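Down below is the structure, laid out as structure tokens.
Remember, predicted model here, so these are calculated numbers, not experimental data. Hydrogens, waters and symmetry mates are skipped; everything else that's a heavy atom, side chains included, is used. In the text below, chain A, chain B and the rest are named by the order of the sequence lines, each starting its count at 1.
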Amino acid sequence: MTEDLLSKTFSPSEIEPKWYGFWLKNGYFSGGEHKTGREYSIVIPPPNVTGSLHMGHALNNTLQDILVRYHRMNGFNTLWMPGMDHAGIATQNVVERQLAQEGLSRNDLGRENFVERVWEWKEHSGGVIINQLKRLGCSCDWDRQRFTMDKGLSQAVREVFVRLYEEGLIYKGDYIVNWCPRCHTALSDLEVEHHETQGSLWHIKYQIEDSDEFLVVATTRPETMLGDTAVAVNPSDPRYSSFVGKQAILPIVGRKLKIIADPIVAMDFGTGALKVTPSHDLTDFELSVKHDLARITIMDADAKINEQGIHFHGMDRYACREQIVAELQEKGFLEKVTPYTVGLGKCYRCKEVVEPLISKQWFVRVEPLAKEALAAVQQGKTRIIPDHWVKTYYEWMNNIRDWCISRQIWWGHRIPAWTCQECGEIAVSSTTPLRCPKCDGINLKRETDVLDTWFSSALWPFSTMGWPEKTPLLETFYPTSCLVTGFDILFFWVARMMMMGIKFMGDVPFKDVYIHALVRDEHGKKMSKSLGNVIDPLMVMDKYGTDAFRFTLAALAAQGRDIRLSENRIEGYRNFVNKLWNSARFTLPHCRKINAGAGLSDFSDFSLPERWLISRLNKTIETVKNAIESYSFNDAAQALYEFCWHEFCDWGLEISKIPLADKDPNVSSRSAAVLIHTLDALLRLLHPFIPFVTEEIASKLTPGVEPIIKGPYPVPDKSLIDERAEDDMRFLMALITSIRNLRAEMNVAPSRSLPVVVACASTGQIDLIRNNLPMVLNLGRISGIDIYELTGGSTPPSNSVTAVVSGARVYIPLSGIIDPEAEIERLNKELQKIKAEYESVEKKLRNNDFISKAKPEAIQKQQNRKTELSTKLSGLQDALEKTLAIKNS
RNA sequence: GGGCGGGUAGCUCAGCGGGAGAGCAUCGGCCUUACAAGCCGAGGGUCACAGGUUCAAAUCCUGUUCCGCCUACCA
């Protein structure tokens, strides 16, 4: 056989690149462009061009690859569309940092040169993650790889923008937005992270005009008082009702502020009086709309106080706060300061504290789009799995706010809008307009803002397939079958793809959305409980192999739970891969026993263990199929682990050693055929999870046959499920286990072969043992077995240890070896356990309510248990009495 | 403030109405010619707490408590 399979341990690094290259070269990853009626497609959640593989990616893409390989093997025309997004802010930050090292800013370069520079960066350093995904074994259709800044995708972005604008679903307006003073751009609500921070609540006295009375307001941001234009109280607050309509005087500044009443003001918070700063607070902005209040902006784009800020002009917002508090104090306007925890909004990219600021921005009016996206899920056009996310999705869709899509950066899709310098008309067009559509002027100035990266990501499921062209690819693969993603981008991405897909394709972008857990790690977040250390997927793959890593992720991917990855676990699955490898080392040499291509159907009269193994295999196939199709990756992995190790290897292979050595070629080749059939099926079942090692083994097992990546995937055959064989094997296995158990308990070395006596409860048991004698002898490591029927009147051997299995009594004569004292103790312990169990069953069956109300199957089960336990009990009792007699003799 | 998820063996986690499970760790015995990354055995849990529903609850309901996450205009 093949020499390279002789190595005792599996070496992943030698075969992984070989097979990946082979698959790639032969084009197995590409989807066909003509519809077959059995299509399966997935679009990858595009990683950032700046990104590198972390555990989240590894999990996400492993699961996708499992689905894709599974369906491909099942004969589906399969497409896994890969690509990256341009990550506007993140990428710009990376390149700006580079420039800073050269002592340059982006403004030194100018827009065009800067963008050029970003492209250069992208070509040389961007997208390292793509090779890492290949390393992970991802079977993406790489020839179709897309990038959100591609020509085609950019065209799609323009087209969508123009159409939404023409329908009035995109508008430009002055509005308060989240402004990052460091990135110098607006952020959408979703891009702001809230962190609890210790702050203070300053109570400031605002004097009522023409009186000695004061209205005390409480604020966490005293510096914003420079922009106050009103004070608000709750209309039903008796403390302040007399003030409503009057004027308050803004301390230090001296401006007169209208005192208004609005129910939004919480009476029980702070003093119940709210200072209103429309230009620097979202709620206040909304109040200003409602009550027609003036808006005074007091900060610039750097969050420094502007010329509206009297003598604070030019100060940083925090310096200003200190100064203003000091001045209030000094002048007697500060009533008190109390400690207070505030939820500070920070930029998700750079963690700078976000400043609410009024500016001209572009927005998508999402409500009409959201309605459709909501309905699609309600109507079941798209399923969200696990379904508890449905509620979250509804919640968000129902409370959705307009989406700020303009960003004041240079890297991204520049908004296709031009303002006429003559008449002020705004022209929005997918092609560059030469003249103003209104006044025909030629002096048009293009919008400088670019679009939120998520705007282009929202189009991903169809823009990657060639939209707005009507391509065969779209025709074949849209809507996609499934989207696999983490819940952290449910709103950012999934919801928006739903809206855009329905709007522009007239159909949902995916039939299923599978939302997986998060792997704890990343920004120092605890991953292992003890240390806050991050496990690098690449390190894991180097150390344990890609297959072991993938299998670990799949095995841990239980629905609705976060994954906490431990290296121990990976090591365990590395051992599993090795176990599989070694089972192949055992099986392979037997290939030559059977004719090439011989299958199970070429044999008949299978032995009991053979029928058992095939039956178990088919049940496993069924389990795995159901598990994968319901996204229960962990169940599939577990079933495969269990079958492979504890049934195929522990029993199947061990038992086969006897028939394989049989002189009768019929017997040995039949046994070999069963093993090879099982191993082949197992490799195919496992291939989506551990593609490399399975392909390697399969190539040796059935050389010349098509690589297993092409399938077929095993299908369960109900006719091969043999319950009788499983029952019979269960008895024999229990018998063997009990023999092993007895000898271990008695500390008998495995090398010492012993005789055994079995008193069977039925002739059926006798036959079973007789017919499978070599197996029992071999696996039980016994020299001989004396079998008779329990009711036959034979006396059991004296001086023996005893166990009871399905009514059969197993004796191992150990004269001179056993210590009656120890055996009595052992039997007593066992008796205790069984007795307790028996009593609980007995109690249940004595309960009339149980008998009358429980399901018949449940009652039957308990009755079976009772008889089982009672025979075991009496067997043990007998043994105990005998041993006691020996002791006393 | 609202919502969601979780507290099961020493550790990491499955199970989610009818006999408490896995991997790792621990203990004992084995170089049994595929595998010591292995083989054969063993020990270990009032399933967070308190009530309730049910013939039956780790599993369903209610409350308490402790963690984690998401969300929100209480300044």
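Within 4.0 Å (heavy atoms only), A:Tyr641 reaches sugar-phosphate atoms of the nucleic acid but no base atom. Across all strands, A:Val265 comes closer than 4.0 Å to base atoms (heavy-atom distances). Looking at heavy-atom distances under 4.0 Å, A:Ala266 makes contact with a base. Within 4.0 Å (heavy atoms only), A:Gly780 reaches no atom of the nucleic acid at all. At a threshold of 4.0 angstrom between heavy atoms, the contacts of A:Asp650 are confined to the sugar-phosphate backbone, with no base atom among them. Using a 4.0 Å heavy-atom cutoff across all strands shown, A:Tyr544 reaches no nucleic acid atom at all. Using a 4.0 Å heavy-atom criterion, one finds that A:Trp645 contacts the sugar-phosphate atoms exclusively. Within the 4.0 angstrom heavy-atom criterion, base atoms lie near A:Arg781. Counting any heavy atom pair closer than 4.0 Å across all strands shown, A:Arg401 reaches sugar-phosphate atoms only and no base atom.
Remark: C1' of B:rG38 and CG of A:Leu653 are 13 Å apart, rounded to the nearest angstrom. Rounded to whole angstrom, the span from the CE atom of A:Met775 across to the P atom of B:rU32 amounts to 22 Å. Going from atom CG of A:Asn568 over to atom P of B:rA25 covers 7 Å, rounded to whole Å. Atoms NE2 (A:His280) and P (B:rA75) sit 18 Å apart, rounded to a whole Å. Counting to the nearest Å, the P atom of B:rG38 and the CZ atom of A:Phe576 are 12 Å from each other. As rounded to whole Å, 20 Å separates atom P of B:rG68 from atom NE2 of A:His194. Distance OH (A:Tyr348) to P (B:rU71): 13 Å, rounded to an integer number of Å. Spacing between atom CG of A:Leu59 and atom P of B:rC13 amounts to 14 Å, rounded to whole angstrom units.
The gap from the P atom of B:rC67 to that of B:rG29 amounts to 44 Å, rounded to the nearest Å. Separation of the C1' atoms belonging to B:rC24 and B:rG17 is 31 Å when rounded to the nearest angstrom. Taking atom C1' on both nucleotides, B:rC11 is separated from B:rG19 by 27 Å, rounded to a whole Å. The gap from the P atom of B:rG63 to that of B:rG5 amounts to 14 Å, rounded to the nearest Å. Taking atom C1' in both B:rA56 and B:rC49, the straight-line distance is 22 Å, to the nearest Å. Straight-line distance between the C1' atoms of B:rU12 and B:rA25: roughly 11 Å, to the nearest whole Å. Nucleotides B:rC47 and B:rG7, compared at atom P, are 13 Å apart to the nearest Å. Using atom P as the reference point in both B:rG1 and B:rU64, the two lie 13 Å apart (nearest Å).
Just one residue in the list A:Gln860, A:Lys866, A:Lys861 forms a side-chain hydrogen bond (donor to acceptor under 3.5 Å, both in side chains) with A:Asn864, and that residue is A:Gln860. Among the candidates A:Ile204, A:Asp284, A:Leu250, A:Ile298, the single residue satisfying the side-chain contact (heavy atoms from CB on, under 4.5 Å) test with A:Asp228 is A:Leu250.
Judged by distance alone, the side chains of A:Gln832 and A:Asn828 never bring a donor and an acceptor atom under 3.5 Å apart. Between the side chains of A:Lys336 and A:Thr338, no donor-acceptor pair of N or O atoms lies under 3.5 Å.
Heavy atoms from other residues, nucleotides or ligands lying under 6.0 Å from CD of A:Glu395 number 12 at most. Under a cut-off of 6.0 angstrom, the local environment of CD in A:Glu193 is crowded, with over 12 non-hydrogen atoms contributed by other residues, nucleotides or ligands. By the 6.0 Å contact criterion, CD on A:Gln638 is open, its count of non-hydrogen atoms from other residues, nucleotides or ligands being 12 or less.
Note on A:Gln862: a side-chain N or O is less than 4.0 Å away from OP1 or OP2 of B:rG19. The phosphate of B:rG19 has neither OP1 nor OP2 within less than 4.0 Å of any side-chain N or O from A:Tyr838. Within the 4.0 Å cut-off from OP1 or OP2 of B:rC39, not a single side-chain nitrogen or oxygen of A:His646 is found. Note on A:Arg569: every side-chain N or O is 4.0 Å or more away from OP1 and OP2 of B:rA22.
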Show your reasoning for whether side-chain contact (heavy atoms from CB on, under 4.5 Å) applies to A:Glu830 and A:Lys872.
CA-CA 10 Å; A:Glu830 179 78 0; A:Lys872 186 152 194 166; 4.0 Å; yes
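Checked against a 6.0 Å centroid threshold, the rings of A:Tyr393 and A:Trp389 do not count as neighbours. You'll find the ring centres of A:Phe285 and A:Tyr175 inside the 6.0 Å limit. Taking the six-membered ring for Trp, A:Tyr544 and A:Tyr573 have ring centres at least 6.0 Å apart.
Comparing A:Gly572 and A:Phe487 by the nucleotide of RNA chain B that holds the closest heavy atom to each, the one mapping nearer the 5' end is A:Gly572.
Across B:rC73, B:rA42, B:rA75, the shortest atom-to-atom separation from the side chain of A:Glu745 is found for B:rA42. Comparing B:rC70, B:rG41, B:rU32 against the side chain of A:Thr737 picks out B:rG41 as the nearest.
In this structure, CG in A:Leu190 is found 11.5 Å from CG in A:Asp488, a value given to the nearest 0.5 Å. Separation of atoms CZ (A:Phe491) and CD1 (A:Ile400) is listed at 9.0 Å; rounding is to 0.5 Å.
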Mind listing the N/O atom pairs, protein and nucleotides 35-37 of chain B, below 3.5 Å?
| from | atom 1 | to | atom 2 | distance (Å) |
| --- | --- | --- | --- | --- |
| B:rC35 | O4' | A:Asn582 | OD1 | 2.9 |
| B:rC35 | O2' | A:Asn582 | ND2 | 3.4 |
| B:rC35 | O2 | A:Lys579 | NZ | 3.0 |
| B:rC35 | N3 | A:Lys579 | NZ | 2.8 |
| B:rA36 | OP1 | A:Lys8 | NZ | 3.2 |
| B:rA37 | O4' | A:Asn575 | OD1 | 3.1 |
| B:rA37 | O2' | A:Asn578 | OD1 | 3.2 |
| B:rA37 | N3 | A:Arg574 | NE | 2.9 |

Would you list the protein and nucleotides 55-61 of chain B atom pairs, both N or O, that sit under 3.5 Å from each other?
| from | atom 1 | to | atom 2 | distance (Å) |
| --- | --- | --- | --- | --- |
| B:rC55 | OP1 | A:Lys853 | NZ | 2.8 |
| B:rC55 | O2' | A:Asn847 | ND2 | 3.0 |

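Under the rule for a side chain to side chain donor-acceptor pair (under 3.5 Å), the partners of A:Glu654 that lie at least two apart in sequence or sit in another chain are A:Lys657. Looking at residues two or more places apart in sequence or on another chain, you find no salt bridge (Lys or Arg N to Asp or Glu O under 4.0 Å) involving A:Glu868.
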When every nucleotide of nucleotides 3-8 of chain B is labelled 5' to 3' by its protein contacts under 4.0 Å (heavy atoms), B for base, S for sugar-phosphate only, - for none, what sequence of letters results?
SSSSS-
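Minimum heavy-atom separation, A:His590 to A:Ala672: O-CB, 3.7 Å.
Note: A:Phe643 and A:Phe648 have parallel aromatic rings, judged against thresholds of 30 and 60 degrees for the angle between ring planes.
Taking a pair as Watson-Crick or G-U wobble with both distances under 3.5 Å, RNA chain B forms stems of 3 or more consecutive pairs at B:1-7 with B:65-71, B:10-13 with B:21-24, B:26-30 with B:38-42, B:48-52 with B:60-64.
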